[in-house]
Amino acid sequence: MSNKWVGLLDCNNFFVSCERLFRPELEGKPVLVLSSNDGCVVARSQEVKDIGVPMGVPYFQIKDIIKNEGITAFSSHFALYRDVSRRVFSVMSEELGGIQQYSIDEAFFLLDCHPEEIASHLRKIIAKKVGIPVSIGLSQTRTRAKYANMLAKKAKGIKLLSEQEWSFLAPKIPLAQIWGVGGKMEIKYKNHNLLTAYDLMSADPQQVRTLFGLMGLRLRDELKGVPVSTGVKKSDTQHTILNSRSFKKPTEELAVLADAIAYHLRHAAASMRAKSLETRSIRVFIRPSRHSDFVLQGGSKEIVLTQYTRDTVELSRLAKRALEQVYRPRVPYKQAGVVLGNLRPVGVNQPDLFSLPKDKNSDRLMKVLDNINAGKEGKDLLTVGSRLKQSEWQAKSDNRSPAYTTKWSDILTVKSQ
DNA sequence: TCTGGGGTCCTAGGACCC
DNA sequence: TCTGGGGTCCTAGGACCC
């Protein structure tokens with residue numbers, strides 16, 4: 001272990017910052033971003049946090065506050081956020097070499113020396129080249145760096161958390177504030193009298209293993225300063241691609257579900273091909289509302305293929321079959337989705353002894369399909385699988401910002417004088 | 001009326017085998 | 001009246017994250 005520091009760079013209020021990039025007059029003003037369907041709040045500017053709007057609160061509950069406080073609310077616009085994200089990480093990679101992207105707005109990295117100088121340089125160059133404010137936490141493991149990052153947000157954007165300072169803080173840090181400890185685990189730890197980071201660090205490892213499983217043991221190591229995943233390398237390809245959406249209103253009809261599933265399958269498969277991946281398993285799930293009496297009536301069905309595929313037609317057939325197996329009449333479903341799993345990069349060819357030869361025409365057909373649909377985001381002109389006349393399950397986004405960076409027609413025009 | 005979507009990793013329990 | 005035990009593999013679901 002030659003690397004002394006594990007760093008975590010995190011974009012501040014990322015979605016809000018993305019929207020502000022193209023609406024600079026909103027700097028210093030309260031801004032929030034809603035989830036798709038305009039369902040609930042997923043990003044808040046500092047001003048909105050100060051007003052007291054909580055994360056994840058349903059939109060309909062705060063409509064009055066938004067109006068009274070003069071908050072600007074955006075529908076989420078993922079094409080924009082993904083694009084800005086790509087820019088941030090490409091600057092980071094240029095500066096540091098290897099990074100490990102963790103989410104749309106966070107990445108880990110390793111440093112041997114000069115952590116503060118490098119962190120400060122990173123912040124400046126990202127602000128200059130992309131225009132997004134970021135915070136950086138540095139410590140000995142990813143879990144500690146994550147905590148350092150939280151402190152950085154309250155400080156001036158950078159926090160170096162040394163071994164000494166960690167030892168001093170650990171007895172005062174509630175486990176709930178530690179990365180990886182959610183509501184359920186917090187209660188479980190509490191039940192065994194483990195309340196702080198220090199408590200878990202000093203607990204008996206054998207006991208931790210039996211009571212809290214592998215996750216508990218790893219968390220204990222990370223808190224003690226022993227990194228669990230060896231470093232920050234990894235060229236890891238994605239394991240799953242998921243496509244799902246909640247319905248405008250619940251449905252009990254198989255035909256409507258089939259339409260939604262077919263839609264999600266087309267998009268998941270196209271996204272998979274765009275990433276040059278192929279799949280060997282498909283899962284279909286349908287669920288009632290999380291807030292209804294039917295919560296437990298949902299289900300999922302996975303079909304494992306004998307051979308990798310990228311073919312929308314083949315996958316559509318399987319998706320339909322899986323759906324018919326999980327579907328139950330008289331359940332008000334509120335969400336449907338498709339997961340493609342067991343992904344691998346195309347071209348890693350290990351032909352299966354027992355599988356049939358591949359249909360050569362399939363790849364060509366899919367290419368034609370993808371080309372026709374390319375650039376028509378959300379249009380879905382040429383489709384495979386069921387398609388209802390009126391997609392009654394789809395919802396809309398009312399306050400979406402223009403596609404400043406991903407659609408020619410929405411690019412800003414700069415005028416002199 | 002209205003409560004997101006896209007990921008990761010782990011584990012309980014059933015099927016199957018000897 | 002009695003019903004093995006242990007291993008592996010797979011699936012569905014849970015917990016967590018942003």
Side-chain angles (χ1 to χ4, degrees), chain A residues 8 10-15 32-44 54-63 75-79 81-82 85 100-108 142-143 146 149-150 175-176 178-189 209-210 212-219 228-229 234 236-250 264 267-268 271-272 275 280-292 295-304 322 325-326 334-343 395-398:
Chain A
L8 172 63
D10 184 315
C11 302
N12 301 347
N13 317 325
F14 184 55
F15 298 170
L32 61 76
V33 177
L34 299 164
S35 63
S36 40
N37 277 358
D38 290 344
C40 54
V41 175
V42 292
R44 305 161 297 158
M55 184 69 162
V57 70
Y59 179 44
F60 70 88
Q61 283 178 12
I62 54 162
K63 274 187 172 157
S75 301
S76 55
H77 189 166
F78 272 89
Y81 310 149
R82 268 194 299 268
S85 164
Q100 184 190 28
Q101 191 180 336
Y102 172 71
S103 73
I104 193 163
D105 70 336
E106 290 169 290
F108 290 100
R142 295 199 293 171
T143 305
K146 189 84 186 167
N149 192 283
M150 219 175 81
L175 274 175
I178 295 297
W179 185 41
V181 181
K184 294 275 170 21
M185 286 312 288
E186 187 202 0
I187 292 169
K188 223 173 151 187
Y189 285 126
R209 176 68 178 91
T210 44
F212 312 109
L214 259 180
M215 300 295 265
L217 204 56
R218 287 182 188 166
L219 187 60
V228 286
S229 68
K234 292 201 182 120
D236 268 359
T237 64
Q238 196 174 348
H239 297 140
T240 58
I241 288 177
L242 183 150
N243 211 281
S244 79
R245 199 127 310 161
S246 300
F247 306 149
K248 226 172 5 182
K249 51 178 199 262
H264 294 309
H267 285 257
S271 150
M272 171 176 71
K275 294 174 178 178
R280 219 184 51 127
S281 79
I282 172 170
R283 175 178 295 277
V284 163
F285 64 86
I286 47 178
R287 288 189 203 126
S289 164
R290 290 197 302 276
H291 311 279
S292 78
V295 220
L296 302 174
Q297 301 285 322
S300 80
K301 170 70 189 165
E302 183 177 71
I303 295 179
V304 178
Q325 287 182 48
V326 275
K334 190 77 196 323
Q335 188 193 11
V338 167
V339 187
L340 302 177
N342 272 301
L343 300 174
K396 55 187 188 326
S397 299
D398 290 333

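Order of the sequence lines sets the chain letters (A, B, ...), proteins ahead of strands, with each chain counted from 1. Only heavy atoms go into these numbers, but all of them, side chains included; no hydrogens, no water, no symmetry mates.
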- [ ] From the options dC10(B), dG4(B), dT11(C), select the nucleotide whose nearest atom is closest to the side chain of M215(A).
- [x] dC10(B)

Task: Sugar-phosphate only, base, or nothing, as touched by V339(A) at under 4.0 Å among non-hydrogen atoms - done: nothing

Open item on the list: Can you see if the side chain of S103(A) gets near the phosphate of dG7(B) - specifically, an N or O under 4.0 Å from OP1 or OP2?
Closed with: no

- [ ] Calculate the interatomic distance between Q297(A) atom CD and dA12(C) atom C1'; express it in whole Å.
- [x] 16 Å

Task: Q238(A) side chain near dG7(B) phosphate (N/O to OP1/OP2, under 4.0 Å) - done: yes

TODO: Just compare dT11(C), dG4(B), dA15(C) and give me whichever is closest to any side-chain atom of V304(A).
DONE: dT11(C)

Task: Distance between P atoms of dC2(C) and dC16(B) (Å, rounded) - done: 29 Å

TODO: Examine distances only and state if a side-chain atom of S76(A) and a backbone atom of F78(A) form a donor-acceptor pair shorter than 3.5 Å.
DONE: no

Open item on the list: Once you apply a heavy-atom cut-off of 4.0 Å, does L214(A) come out as touching a base, just sugar-phosphate, or nothing?
Closed with: sugar-phosphate

Task: Shortest side-chain distance from R245(A), nucleotide among dT11(B), dG4(B), dG5(B) - done: dG5(B)

- [ ] Answer yes or no as to whether dT8(B) has its base stacked against H239(A), where stacking requires a ring-centre separation under 5.5 angstrom and planes under 30 degrees apart.
- [x] no

- [ ] Scan L34(A) against the nucleic acid and name what it touches under 4.0 Å (heavy atoms): base, sugar-phosphate only, or nothing.
- [x] nothing

TODO: On DNA chain B, check which nucleotide each of N243(A) and R218(A) is closest to and give me the residue with the more 5' one.
DONE: N243(A)

Open item on the list: On the nucleotide dG13(C), are OP1 or OP2 found under 4.0 Å from the side-chain N or O atoms that S300(A) carries?
Closed with: yes

- [ ] Would you mind reading off the distance between Y81(A) atom OH and dC18(C) atom C1', rounded to a whole angstrom?
- [x] 14 Å

Task: Reported CD1-to-OG distance for the pair I241(A) and S271(A), which is rounded to 0.5 angstrom - done: 4.0 Å

Open item on the list: Roughly how many Å apart are dC18(C) and dT3(B), using the P atom of each and rounding to a whole number?
Closed with: 24 Å

- [ ] With the side chain of K275(A) defined as its heavy atoms from C-beta on, choose the nearest nucleotide among dC18(C), dG7(B), dT11(B).
- [x] dG7(B)

Task: Inter-residue atom distance E106(A).CD - S85(A).OG, 0.5 Å rounding - done: 10.5 Å

Open item on the list: Quick check against the 3.5 Å criterion: does N243(A) have a side-chain atom that pairs as donor or acceptor with the backbone of H267(A)?
Closed with: no

Task: Closest listed nucleotide, where the reference is the side chain of E106(A) and the choices are dG4(B), dT3(B), dC18(C) - done: dC18(C)

TODO: Would you mind classifying the nucleic acid contact of K146(A) as base, sugar-phosphate or nothing, using non-hydrogen atoms under 4.0 angstrom?
DONE: sugar-phosphate

Task: Length of the CZ-C1' vector between R142(A) and dC16(C), whole Å - done: 14 Å

Open item on the list: Output the rounded distance in Å from NZ (K301(A)) to C1' (dT11(C)).
Closed with: 8 Å

Task: Which atom of A107(A) lies closest to which atom of Q101(A), heavy atoms considered - done: CB-CA, 3.9 Å

Open item on the list: Mind checking if V57(A) touches a base, just sugar-phosphate, or nothing, with heavy atoms under 4.0 Å?
Closed with: nothing

Open item on the list: If I take atom CZ in residue F285(A) and atom C1' in nucleotide dG6(B), what distance separates them, rounded to the nearest angstrom?
Closed with: 9 Å

Task: Minimum-distance nucleotide to R209(A) side chain [options: dC2(B), dT11(B), dG5(B)] - done: dT11(B)

TODO: Give the rounded distance in Å between these two atoms: CH2 of W179(A) and P of dC17(C).
DONE: 9 Å

Task: Phosphate-side-chain proximity, S244(A) and dG6(B), N/O vs OP1/OP2 below 4.0 Å - done: yes

Open item on the list: Give me the atom names and distance for the closest heavy-atom approach of M272(A) to L340(A).
Closed with: SD-CD1, 3.9 Å

TODO: Please say whether the positively charged group of R287(A), taken as NZ for Lys or CZ for Arg, lies over the ring of F285(A), i.e. under 6.0 angstrom from the six-membered ring centre and within 45 degrees of the axis.
DONE: yes

Task: Of the listed nucleotides dC18(C), dG4(B), dA12(C), the one nearest the side chain of E302(A) - done: dA12(C)

Open item on the list: Return the CD1 to NZ distance between I282(A) and K301(A), rounded to the nearest 0.5 Å.
Closed with: 12.0 Å

TODO: Specify the separation, in whole Å, of atom NZ of K334(A) and atom P of dG5(B).
DONE: 9 Å

Task: Spacing of Q100(A) atom CD relative to dT8(B) atom P, expressed in whole Å - done: 12 Å

TODO: Could you label the plane-to-plane angle of the Y81(A) and F15(A) rings as parallel, tilted or perpendicular, counting under 30° as parallel and over 60° as perpendicular?
DONE: parallel

TODO: Have a look at G183(A) and say if it touches a base, only the backbone sugar-phosphate, or nothing, with a 4.0 Å heavy-atom cut-off.
DONE: sugar-phosphate

TODO: Whenever both distances are under 3.5 Å in a Watson-Crick or G-U wobble pair, mark it; put DNA chain C into dot-bracket that way, with [ ] for crossing pairs and | when the partner is on another strand.
DONE: ....||||||||||||||

Task: Touch class at under 4.0 angstrom, heavy-atom based, for Y102(A) against every strand present - done: sugar-phosphate

